[in-house]
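Only one structure is covered here, and it is reproduced in the block below.
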Amino acid sequence: MPYNHLEIEPKWQARWDKKQTNEVAETKDQDHLYHLVMFPYPSGQGLHVGHVESYAALDILSRYQRMNGQNVLFPIGYDAFGLPAENYAIKTGTHPAATTKTAIENFRRQMKTIGLSFDWSREISTADPEYYQWTQWLFLKLYENDLAYRAKSPVNWCASCQTVLANEQVVDGQCERCKNEVVQKELEQWFFRITKYADQLLAGLEDLDWPHKIKAMQRHWIGKSEGVEIEFPVIRHEMSRQGNKFNYQEFNIPVFTTRPDTLMGVTYLVLAPEHPLVDELTTPEFFEDVVAYRAAARRKSELERTGLEKDKTGIFIGATAKHPMTGAEVPIWIADYALMNYGTGAVMAVPAHDERDFTFASKYDLPIKQVIASTEQAKRIKGITKAYTEPGFLVNSGEFDGLTTENAKQKIADTLESDEKGRRQTNYRLRDWLVSRQRYWGAPIPIIWCEQCGAQPVPVKDLPVVLPDDVDFKPTGESPLVGSKDFHVVRCPKCKAPARRESDTMDTFVDSSWYYLRYTDPHNHETFADPKKVDYWCPVDLYLGGAEHAVMHLLYARFFAYALKDLGLINFNEPFLKLRNQGLILGPDGDKMSKSKGNVVNPDEIVEQFGADTIRIYEMFMGPLEDAKPWNTEGAVGVRRFLDKIWNAKDKIHGADEAGLKKLLHKTIKKVTADIQDLKFNTAVSALMIMANAMQNAAMVSSGIYEKYLILLAPFAPHLAEELWEQTGHKESIFNQAWPKHDEALAKDDLVQVAVQVNGKVRGTMEISPDLSESDARARAEAVENVAKHLEGKKIVKVIYIPGRMVNLVVK
RNA sequence: GGGCGAGUGGCGGAAUUGGUAUACGCGGAGGACUUAAAAUCCUCUGGAAGAAAUUCUGUGCGGGUUCGAGUCCCGCCUCGCCCACCA
């Protein structure tokens, strides 16, 4: 008989809710753990089966740890600010606060039907003024300490939507909403000085128990490169843009290179089109062409600049620099393969040893000079057909000839430094974090603009700066907050003159950079979280979420922790000691689930049809937590059969102990315990199924064994376990039970089937004690009928015996 | 182009980290129960040969190390994800 999940699951959910079973406090004399799942964006689509996977996994671990006496903080909340709600408002006029509220209620309902043991008293929403008050407060802390600043920068601009876009809203060079091409625009924006921590963020990765892949991505994103900044003097410099005014003032163009060893191979320089020296350097005969080229570069879409077509274009600007060592004339070009926001915005081109320079030089017929050869003796290769970028030995480099690339890097850097023509320099790809958005549905940046005093922080007592309601969501190129009347009735905090509020809001990644801190003390009105509570729980012991946050959220949150530690607000640098990524759950067709493909599985339907315990266990049983796995509803049917077996086995409870079952129980305890700790939930479920099959096949099951089994099952199937626990006569929740310990002697088999091999090929098996001596094992092995056949006329020259596993007889 | 990861039955996957390959589940075949079906239960289920015992073969492909390789080493192929003009 199947059990009725529609009856028992709501029953237990209501009881857990009523008793607030999972609320935790900072108890002394108890070990504690902080388990964190990446909080969801409460979309109108509701909970995804992918959410269920990571929440169920950490729920199982949390329930297990509580049964082991741990005090476990396992909170949930909502990353509630963001674009989809705002876009929906633009389309329908429904206020984002309303859609978000509905979505959160739906998420909460869904998560409760899954039986997740979150501490619901700590639920937070980043869109709640109670929360974003402290986002704003933290912004001001960064601002006070020069970690938040305002500067002009090129940003993504969608002309159709009239707004800047975050990088993540630019998909294949197009605006994700209207599909118009995105262009670069120079705008003044707010930044966080994450680059200050580039080195520390890089070094800190070393000790983290994170997936290698994520660490590699962060290293690459930070992109540390050590090299030399070299000055190239400009020797031909004739007139300014204004026309006839001659100006012979000498100056240098600094370039950054990681390959100073190739310095003697420089045949031209490239400046980024936006480089400020271009105006000064361009000669009159090239002036018009340069203006045209720069305008074209500026108009270039993101797609053209970074797309797969890496066609290199550029133009000579009429000027020439002097090689810092040889004094040779080096023509100066502009080309948009040089990027203004990396290094100095200028490149020394060495076409013989850099692929980009080679492509460019080939196209524009610029000289290619080889200065690195693969061996010391190698002569100059005639007619180079591609750049040689491997290490080697220097040639055509005067006094540096014969040096290895490694030695030459040092030697040439030394020479440049002693001649004051250059200096060693470290550069990073990492840019400061642009945090301002001309958007409505985010935390307002707590700054007041005064004509006299400039940017003034909003006094702490005036926080939160609440989002106004009287706005028009239609994009105009400015934040919708600009249109609010109430919002701007404000005086300068310093001089009290009428002033204007900053109308930009913060990137939602700011909200999520510190939410784990708020969970430790979510209702605090005095500060973002009581330092004692933060100290008790933090850092997070295990963080589970999708790999798509590898370089955005996870890097930002680390930056926040480093910065807050420096400001004395917290006592640790690294927020997440151990990180794991759950794999994607694909549609039944093996493709990524999407509405347009129609392959989305709704957890509500599975819960309705098979029950919460089934969806929890099925998602764990599908495969390894970190792998991508296709959904198959038939598989959920199998899990439900397994649960029904356990339900039906309660009718077999009798006093007598069954020796075989007892042994299996201890094996199961051992296996399930080890697997939960390793997050190998798929094999833990498999072990539970094996035991369930054995109970089904047994004539009777003792209550002792059945009840121990229920305890093992409880983290996976909390509703069914509670129900059966109650039905077997218990008043207290099964979750008050201690996790069982296995008896090593009992978990071990008295007799095991071992393979007998002859020359490595299995020729038979035998049942022996795993403790049998080698000589006895050998004797038994030789006696196995089929083995004896293979030994006939042969001599045993060697015996390999792995107790409990196999015997291998090596014969000649 | 670069980085990371993965290739095991019809399918999802397991394999104590070098020791009986395919656990567990799905699907399939046959049987029991039933007037019948569903549900449930039992048996079988990598391929080839054989009545059977058994033998050969088999973890993407080709080599190697080893008594023994899905696992380690070398060389390929295919797929997936992420990043991508960073000097």
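A note on names: the letters A, B, ... follow the listed sequences, proteins ahead of strands, and every chain is numbered from 1. All values below come from the heavy atoms of this structure, side chains included, with hydrogens, waters and symmetry mates left out. The shown structure was predicted, so the numbers you read here are calculated from the model rather than taken from an experiment.
Between B/rG25 and A/Asn693, a contact under 4.0 Å exists linking OP1 or OP2 to a side-chain N or O. An OP1 or OP2 oxygen of B/rC4 is reached within less than 4.0 angstrom by no side-chain nitrogen or oxygen of A/Arg219. The side chain of A/Thr359 contributes no N or O atom lying less than 4.0 Å from OP1 or OP2 of B/rC85. Regarding contacts with the backbone of B/rU55, a side-chain N or O of A/Arg763 is found under 4.0 angstrom from either OP1 or OP2. Of the side-chain N and O atoms in A/Asn581, none sit less than 4.0 angstrom from OP1 or OP2 of B/rC81. OP1 or OP2 of B/rU40 has at least one side-chain nitrogen or oxygen of A/Arg641 nearer than 4.0 Å. Side-chain nitrogen and oxygen atoms of A/Lys680 include none within less than 4.0 Å of the OP1 or OP2 phosphate oxygen of B/rG13. Using a 4.0 Å cut-off, no side-chain N or O of A/His353 falls inside it from OP1 or OP2 of B/rA87. Between B/rU54 and A/Asn786, no contact under 4.0 Å exists linking OP1 or OP2 to a side-chain N or O.
Between A/Glu782 and A/Arg778 there is a salt bridge, with a side-chain nitrogen of the basic residue lying less than 4.0 Å from a carboxylate oxygen of the acidic one. Under 4.0 Å is where a charged nitrogen must lie from a carboxylate oxygen, and between A/Asp749 and A/Lys667 at least one such pair does. Using a 4.0 Å cut-off between charged side-chain N and carboxylate O, A/Asp776 and A/Arg780 make no salt bridge. Under the 4.0 Å criterion applied to side-chain N and carboxylate O atoms, A/Arg580 and A/Glu626 are assigned as salt-bridge partners. A salt bridge links A/Glu229 with A/Arg423; the closest basic N to acidic carboxylate O contact falls under 4.0 Å. Using a cut-off of 4.0 Å between Lys/Arg side-chain N and Asp/Glu carboxylate O, A/Lys670 and A/Glu744 are scored as salt-bridged.
Within the 4.0 angstrom heavy-atom criterion, only backbone atoms of the sugar-phosphate kind lie near A/Asn682; the bases stay farther away. Backbone-only engagement by A/Ala628 is indicated by non-hydrogen atom pairs under 4.0 Å involving sugar-phosphate atoms exclusively. Residue A/Asn697 is classed as a sugar-phosphate contact, given heavy-atom separations below 4.0 Å to backbone atoms only. Among the protein residues, A/Asn808 comes within range of the nucleic acid bases, having at least one heavy atom under 4.0 Å from a base atom. Within the 4.0 angstrom heavy-atom criterion, only backbone atoms of the sugar-phosphate kind lie near A/Pro624; the bases stay farther away. Residue A/His549 is out of contact with every strand shown, counting any heavy-atom pair closer than 4.0 Å.
In this structure, A/Phe360 has its ring center under 6.0 Å from that of A/Tyr268. For A/Trp433 and A/Phe191, the gap between ring centers reaches or exceeds 6.0 Å.
Rounded to whole Å, atom P of B/rG2 lies 18 Å from atom CE of A/Met217. Distance, A/Met622 CE to B/rC11 C1': 12 Å, rounded to whole Å. To the nearest angstrom, C1' of B/rG13 lies 15 Å from CG of A/Leu625. Rounded to an integer number of Å, the gap from A/His220 NE2 to B/rG1 P is 16 Å. A straight line from NE2 of A/His212 to P of B/rC83 spans 20 Å, rounded to a whole angstrom. Rounding to whole angstrom units, CZ of residue A/Phe716 and C1' of B/rC24 are separated by 14 Å. Atoms CZ (A/Phe621) and P (B/rA14) sit 10 Å apart, rounded to a whole Å. Regarding A/Asn648, its CG atom lies at a distance of 9 Å from the P atom of B/rC41, rounded to whole Å.
Comparing B/rC24, B/rU20, B/rG19 by their nearest atom to the side chain of A/Val762 picks out B/rU20. The side chain of A/Gln757 lies closest to B/rG19, out of B/rG13, B/rU54, B/rG19. Set against B/rA87, B/rU20, B/rA84, the side chain of A/Ala755 has B/rU20 as its closest nucleotide. Nearest to the side-chain atoms of A/Ile800 among the listed nucleotides B/rU20, B/rC67, B/rC41 stands B/rC67. Comparing atom distances between the A/Met806 side chain and each of B/rA14, B/rG25, B/rG19 picks out B/rG19 as nearest. Nearest to the side-chain atoms of A/Asp336 among the listed nucleotides B/rC67, B/rC82, B/rC85 stands B/rC85. Listed nucleotides B/rA15, B/rC83, B/rC82 differ in distance to A/Trp221; the shortest reach to its side chain belongs to B/rC83. Which of B/rC24, B/rC56, B/rA87 sits closest to the side chain of A/Asp354 comes down to B/rA87. When each of B/rC83, B/rA87, B/rU20 is scored by its nearest atom to the side-chain atoms of A/Ala338, the top-ranked nucleotide is B/rA87. Of the candidate nucleotides B/rG3, B/rU55, B/rC26, B/rC26 has the atom lying nearest to any side-chain atom of A/Asn632.
Separating the C1' atom of B/rG13 from that of B/rG7 is a span of 13 Å, rounded to the nearest Å. When the C1' atom is compared between B/rC61 and B/rC83, the two are found 29 Å apart, to the nearest whole Å. Nucleotides B/rG58 and B/rG47, compared at atom C1', are 7 Å apart to the nearest Å. Look at the C1' atom in both B/rU17 and B/rA21: the space between them is 15 Å, to the nearest Å. Straight-line distance between the C1' atoms of B/rA15 and B/rU8: roughly 10 Å, to the nearest whole Å. Nucleotides B/rU35 and B/rU45 are separated by 32 Å at their P atoms, to the nearest Å.
Because its NZ or CZ atom is not both nearer than 6.0 Å to the ring centre of A/Tyr428 and within 45° of the ring axis, A/Lys224 does not count as a cation-pi partner of that residue. Note that A/Lys629 lies outside the cation-pi zone of A/Trp631, set by a 6.0 Å cut-off to the ring centre and a 45° limit from the axis.
Annotated as anti: B/rG25, whose glycosidic dihedral deviates from 0 by more than 90°. In B/rU22 the O4'-C1'-N dihedral to the base is more than 90° from 0, which defines an anti nucleotide.
Residues A/Tyr428 and A/Thr765 both approach RNA chain B. Their nearest nucleotides, taken by heavy-atom distance, put A/Thr765 toward the 5′ side. Of the two residues contacting RNA chain B, namely A/Ile690 and A/Gln696, the nearest-nucleotide position lying further toward the 5' end is that of A/Ile690.
Side-chain contact of A/His790 with A/Glu792: a donor-acceptor pair under 3.5 Å is absent, judged by distance alone.
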Checklist line | Intra- and inter-strand pairs of RNA chain B in dot-bracket (Watson-Crick or G-U wobble, both distances under 3.5 Å; | for another strand) | finding: (((((((..(((......[....)))((((((.......))))))((((....))))..(((((..]....))))))))))))....

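In this structure a side-chain-to-backbone donor-acceptor pair under 3.5 Å is present from A/His353 to A/Val371.
Side-chain N/O atoms of A/Lys312 and base N/O atoms of B/rC85 include a donor-acceptor pair closer than 3.5 Å.
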